[in-house]
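Each ligand, and each atom within it, is numbered from 1 in the order the structure gives.
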Amino acid sequence: MKLPPFKLERYFARYEFKADYLLCSSDCESMTIGELLALSPGAMTRFQQHWLGYTESQGAPRLRDQISTIYDTITPDQVLVHSGAQEAIFLFMQAALKPGDHLIVHAPCYQSLAEVARAMGCQVTFWQGCPSQGWALDLAELRHAIQPATRAVVVNMPHNPTGYLMSAEQFGQLIQIVRDHQLILFSDEVYRESEYAAEDRLPAACDLDALAVSLGVLSKAYGLPGLRIGWIATRNAGIYNAMTALKDYTTICNSAPSEFLAEVALQYRAELAQRSRDIIKANLTALESFFAAHTERFAWQRPSAGPIAFPRLLRGDVDTFCHDLVTTAGVLLLPGSVYEDNGNHFRIGFGRRNLPDAITRLDEFLQQHAD
Ligand SMILES: Cc1ncc(COP(=O)(O)O)c(C=O)c1O
């Protein structure tokens with residue numbers, strides 16, 4: 001299997017630790033280990049006493065207990081903990097697909113959701129969100145895309161990079177379609193709990209369908225990407241067992257300190273998610289004012305959920321714009337080309353506390369480059 005470079009990660013690698021402002025991060029404001037441990041009385045002492053041996057390959061039992069409480073129908077034995085969501089994506093594709101299989105992927109997409117399957121010799125059909133309708137997915141198009149060789153459908157909601165979220169009714173219809181065709185729904189739910197209104201939150205796919213796999217992580221809505229703790233939750237024993245067997249060839253087990261910290265974090269999951277949503281909502285208000293003042297430069301579309309949006313640059317080439325912005329003003333935006341988007345869109349992220357300062361710097365850049 002030969003994987004091409006991961007465009008988004010390579011772009012970040014060039015600028016992430018050099019730019020003054022990361023105005024395109026998909027994760028929310030993080031915290032220190034001390035701040036996290038301070039949430040839980042006695043946790044600091046327990047952390048220092050935590051054993052640094054290998055951990056259970058499926059994930060520490062207490063951590064899996066905590067993760068299972070996110071779902072309605074999932075037991076701790078139906079949770080498989082990974083090193084980030086990325087490892088889980090890689091292993092799911094290996095477990096569910098073989099060369100020649102067909103996969104349908106919500107697009108534009110986080111590259112690995114399609115690329116791993118392509119590199120394995122699978123056919124991928126992109127199920128494209130419609131930019132003029134808030135990046136909505138059309139269920140009729142999905143029905144049309146299903147072939148005899150189709151094995152799985154991949155969706156990501158709240159969506160990276162557009163912030164799209166379908167209604168619960170549509171999600172129910174999607175579940176019915178995959179069920180009718182005996183397909184596995186791989187539901188990337190890494191931005192779940194970053195919805196602006198609680199009533200918009202979709203049920204987890206693994207709770208609605210026995211074949212479906214839900215993907216979760218501490219990186220995004222909970223603001224703890226440095227822990228590198230992600231998981232899948234599924235009642236699909238075949239996929240679960242196959243992924244467990246494959247994990248012996250990737251990470252074997254997770255980092256023991258990270259598992260400890262993840263367990264603490266999930267005990268305070270509601271507080272962490274609320275903290276992120278408070279930042280997101282305040283920043284979204286600031287962004288809307290900014291884009292309202294720059295309608296000649298950008299076409300802004302308010303996302304439905306999550307810490308990222310995908311506006312369009314109206315004048316000039318977006319790759320050049322992003323390059324000039326980061327090299328002269330130190331503000332990093334992510335050009336849509338890393339998503340194979342050719343609509344001149346760029347990703348903007350608003351989960352960080354310093355967004356108002358980043359916007360001020362962007363505004364100054366626009367004034368200096370008013371052409
Ligand atoms: C949709 C989506 N899935 C998976 C991942 C991978 O998450 P992690 O970096 O925590 O492994 C990301 C990261 O940006 C993402 O946006």
Quick test: of every protein heavy atom, which one is nearest to [atom], and how far off is it to 0.1 Å?
{"atom": "atom 13 (C) of ligand 1", "result": "K220 NZ, 2.8 Å"}
{"atom": "atom 3 (N) of ligand 1", "result": "D188 OD2, 2.6 Å"}
{"atom": "atom 5 (C) of ligand 1", "result": "Y110 CE2, 3.4 Å"}
{"atom": "atom 10 (O) of ligand 1", "result": "S219 OG, 2.5 Å"}

### Task
Check whether any heavy atom of R228 sits under 4.0 Å from an atom of ligand 1.
yes
When you measure from the heavy atoms of G230 to every atom of ligand 1, does any distance fall below 4.0 Å?
no
Using a 4.0 Å cut-off to any heavy atom of [X], which atoms of ligand 1 qualify?
{"X": "G84", "value": "11 (O)"}
{"X": "Y191", "value": "1 (C), 14 (O), 15 (C), 16 (O)"}
{"X": "V217", "value": "10 (O)"}
{"X": "N156", "value": "1 (C)"}
{"X": "S26", "value": "14 (O)"}

Do N254 and T55 get their side chains close enough for a donor-acceptor pair, meaning under 3.5 Å?
no
May I ask you to check whether over 12 heavy atoms, not counting those of [X], lie within 6.0 Å of atom [atom1]?
{"X": "N342", "atom1": "CG", "value": "no"}
{"X": "Q170", "atom1": "CD", "value": "yes"}
{"X": "H144", "atom1": "NE2", "value": "no"}
{"X": "E296", "atom1": "CD", "value": "yes"}

Check ion pair [X]-[Y] (N to O, under 4.0 angstrom):
{"X": "D65", "Y": "R62", "answer": "no"}
{"X": "R352", "Y": "E29", "answer": "no"}
{"X": "D27", "Y": "K220", "answer": "no"}
{"X": "E56", "Y": "R64", "answer": "yes"}
{"X": "E193", "Y": "R269", "answer": "yes"}

Side chain or backbone, does [X] bring an N or O within less than 3.5 Å of an N or O on ligand 1?
{"X": "S83", "result": "no"}
{"X": "N160", "result": "yes"}
{"X": "A85", "result": "yes"}

Quick look: I89 vs ligand 1, heavy-atom contacts under 4.0 Å, and the answer is side chain
